[in-house]
Each structure stands twice: as structure tokens, then as C-alpha cells.
S.K.: 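Quick one: the structure is below, and I'll ask about it shortly.
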Amino acid sequence: MNQKFANDIQSGLSVAEKSIPYTYFYNERGSWLFQQIMQLPEYYLTGCEISILDTYKDELLDCFKAKKKRFNLVDLGAGDASKTKCLLQNYVEKGVEFTYTPVDLSTSILSALSESLDAAYPDLRHQAINKDYWEAMDDLKQNSSKSERKIVLFLGANIGNFTYKESVDFLTTLKSYLNPGDQVLIGFDLKKRPEIIYKAYLDSKGITAAFNLNLLHRINQELGGDFKTNYFRFYPYYNPQTGELRSHLVSQKDQTVKIEALNLEVKFEQWESIHTEISKKHTIKEIENLAAAAGFTVKKHFLDSKAYFVDSLLEV
Ligand SMILES: C[S@@+](CC[C@H](N)C(=O)[O-])C[C@H]1O[C@@H](n2cnc3c(N)ncnc32)[C@H](O)[C@@H]1O
């Protein structure tokens, strides 16, 4: 049994405002569902970020190798690296000297990624790390050479899962693992017409709903829960003032769920919810404040043609 998962579920479901941490989305089925989400036309984030990386791949390369020859492209929460592959393809073709280090908690997604990299780019130097962000950054700090520049990617609006304070803490911790001149490229989803944001999450095929309900399946499988997922309904809610899209699983009736491994009975009243995720939408000003609060310099913001999304390049 994954003890941290057990502890987090116990504490998240034993309080009045129930929640499940978003990090538990990505078991094998969750990673597969997220890949389906990325292909939905209404989930504009993927297409926008791919177009940014594709348009600016050469300019980014000039920034990455400005001061030192070799660099290590460290992809935090790499997933299937479908966006990063735009850069990899181009840099391999150009014979650029670099190493690619995808980091992810999900074992299944990382082994599929390593296989696909070997098949597509036999000349690429890559070394996956199947660990949490900070354990991976610690390994890299111990083992990497000072002459190699670290370029950390944090793509896919992953940072949107954090509150403002958590984002500052994340960037401050990240900076403690970096040397002067190292860079971080972060994908931020931007504020835009609220309907566009809302539709990206309440998709017509119900895949985002299945992705959220998969958390309950996971509790059933790994902790002996008896959640009936059809008794819960996915509800995303966008607040244009805070820029937060909050995802919930709402109980459709009074019910009691048993979780055997935790020796826990969880009572739900009708319409009570479990909060699952924040997907924060930013403004450029907020990104600049965030970078400054964590002690980074903003090198450049790379936007897509509709200004829906930005990849911001920060430097230590
Ligand atoms: C939203 S997906 C993004 C994937 C990819 N970067 C993209 O843009 O398509 C988030 C990924 O981060 C991984 N992840 C989440 N929390 C993590 C953590 N604390 N340490 C390592 N990986 C994590 C998940 O397993 C998942 O594959």
C-alpha cells in the first residue's frame, strides 16, 4: 500500500471541506485519460503551447545555450512529453549537445516515454528519473557537472495547480537547486473569455469528468473503497476574479462510503463536494510578480497568436 496516498486520503476525507490532492490523478489510467484530454479540441492549452514551442524553438535554443556549451533539459512532470518533443526533434536534427532528463512520479508513463524516445531519436542522450520533483532535483544537484547548464521545463500549465503562495514556494525551492545562469521555462494558462476556459474543462465527451472520477476508482482499487462513481457528478467552476478554475466531485445523494484499508466510513450529504483541483489562469503581471517574489529574472514571455497561453523564460 502507498502509505502517503493512504494518509492523504484519510486526512482529506475526514474534514468538513473534503479534498483529494491533484497529484493522485496520474496512475496508469489517469495518465491515459490526461492524454485523451490533451487531444480534445476544446482543451486549447495543448495546441497553444505546442505552437509556442514550435514557433520559438530556435530562439529558445539561443537562450538555452547562451553562456555554456552543454545543457541538461530537465522536464519536471514530463508526462508523455508530447510538447517537449517539438524541441527534442529540432535539437537532435541540429546536432545540439544536450541531455534530456524527464522527471515523473508515474512509472508507466516514463517507461513508455523512454521507449518512444529510443525509437524516434536514437542519438538523443536521455535519462529518466522516476521520482518526486525535489528528490529528482536533489539527485541532479549531487551528480551533475558545474559546466552543464540546467534548463528546467515545467510545461502544460502544471503550475496552475498551485495557489499563489504554493507557486512562490515551488519556485523558491526550485531556485535552491539551481546555479546562477540556469533557466526555467514555465507554461502558464492566461486569463481569457471565461466561457472558453469553462468549456475546456466541461468537455463534450466527459473525459475530464472521467479523469476526476478516476480518483474514486483509485481509492477503490488501492485502499479497498466502495465508492459508486455514478453517485458523484463532476462540476468545474471558474471564478474570473481569482482566475481559478476549481474542480469538484459532488455527491448526488446522502451516502456513506467505506474505505477498508483506512478503517474509515465517510458520510456525504446530498450536494456535498470533494475538491480535486485548482487550474489557475494568470495575467502577465501576476507572472512577473511571482518570478520576482521567488528571486528569478524574467528573460522573455513567449505567447501564442491568440495570447491564450504563455511560456515564460526565467533565469537565476
Ligand atoms: C498535467 S501533466 C503534464 C505533463 C506534461 N508536462 C505536459 O505538459 O503534457 C502532469 C504530470 O506531472 C506528474 N507529476 C505530478 N506531480 C508530480 C511530482 N510531485 N513529482 C513528479 N511528477 C509529478 C504527473 O504524473 C503527470 O504526468
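The residues of the chain are indexed from 1 along the displayed sequence. Indexing begins at 1, ligand by ligand and atom by atom, following the structure's order.
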S.K.: Run F98 and F64 through ring-ring contact (aromatic ring centres under 6.0 Å, His included) and show every step you take.
M.R.: CA-CA 10 Å; F98 75 110; F64 295 166; 9.1 Å; no
S.K.: Going by ring pair (Phe, Tyr, Trp, His ring centres under 6.0 Å), name the residues that satisfy it together with Y308, two or more places apart in sequence or in a different chain.
M.R.: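 Here the qualifying residues are Y44.
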S.K.: Do S51 and D304 have side-chain N/O donor and acceptor atoms under 3.5 Å apart?
M.R.: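 Note: S51 and D304 side chains miss the donor-acceptor criterion.
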S.K.: Check ring pair (Phe, Tyr, Trp, His ring centres under 6.0 Å) between H301 and all other residues, then give those that pass, not counting sequence neighbours.
M.R.: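 Residues passing ring pair (Phe, Tyr, Trp, His ring centres under 6.0 Å) with H301: none at all.
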S.K.: Do the non-hydrogen side-chain atoms of D182 and E315 ever get within less than 4.5 Å of each other?
M.R.: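 The answer is no, as the side chains (C-beta and beyond) never meet within the 4.5 Å cut-off.
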S.K.: Give a table of atom pairs where an N or O of ligand 1 lies under 3.5 Å from a protein N or O.
M.R.:
{"from": "ligand 1", "atom 1": "6 (N)", "to": "G77", "atom 2": "O", "distance (Å)": "2.8"}
{"from": "ligand 1", "atom 1": "8 (O)", "to": "K83", "atom 2": "NZ", "distance (Å)": "2.8"}
{"from": "ligand 1", "atom 1": "8 (O)", "to": "G156", "atom 2": "N", "distance (Å)": "3.3"}
{"from": "ligand 1", "atom 1": "9 (O)", "to": "K83", "atom 2": "NZ", "distance (Å)": "2.8"}
{"from": "ligand 1", "atom 1": "16 (N)", "to": "Y133", "atom 2": "OH", "distance (Å)": "3.4"}
{"from": "ligand 1", "atom 1": "19 (N)", "to": "D132", "atom 2": "OD1", "distance (Å)": "3.2"}
{"from": "ligand 1", "atom 1": "20 (N)", "to": "Y133", "atom 2": "N", "distance (Å)": "3.2"}
{"from": "ligand 1", "atom 1": "22 (N)", "to": "L105", "atom 2": "N", "distance (Å)": "3.2"}
{"from": "ligand 1", "atom 1": "25 (O)", "to": "D104", "atom 2": "OD1", "distance (Å)": "2.6"}
{"from": "ligand 1", "atom 1": "27 (O)", "to": "D104", "atom 2": "OD1", "distance (Å)": "3.3"}
{"from": "ligand 1", "atom 1": "27 (O)", "to": "D104", "atom 2": "OD2", "distance (Å)": "2.7"}

S.K.: Does anything in residues 88-115 pair up under salt bridge (Lys or Arg N to Asp or Glu O under 4.0 Å), and if so which pairs, sequence neighbours excluded?
M.R.: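 Sorted result for residues 88-115: D58-K94, K69-E97, R70-E97.
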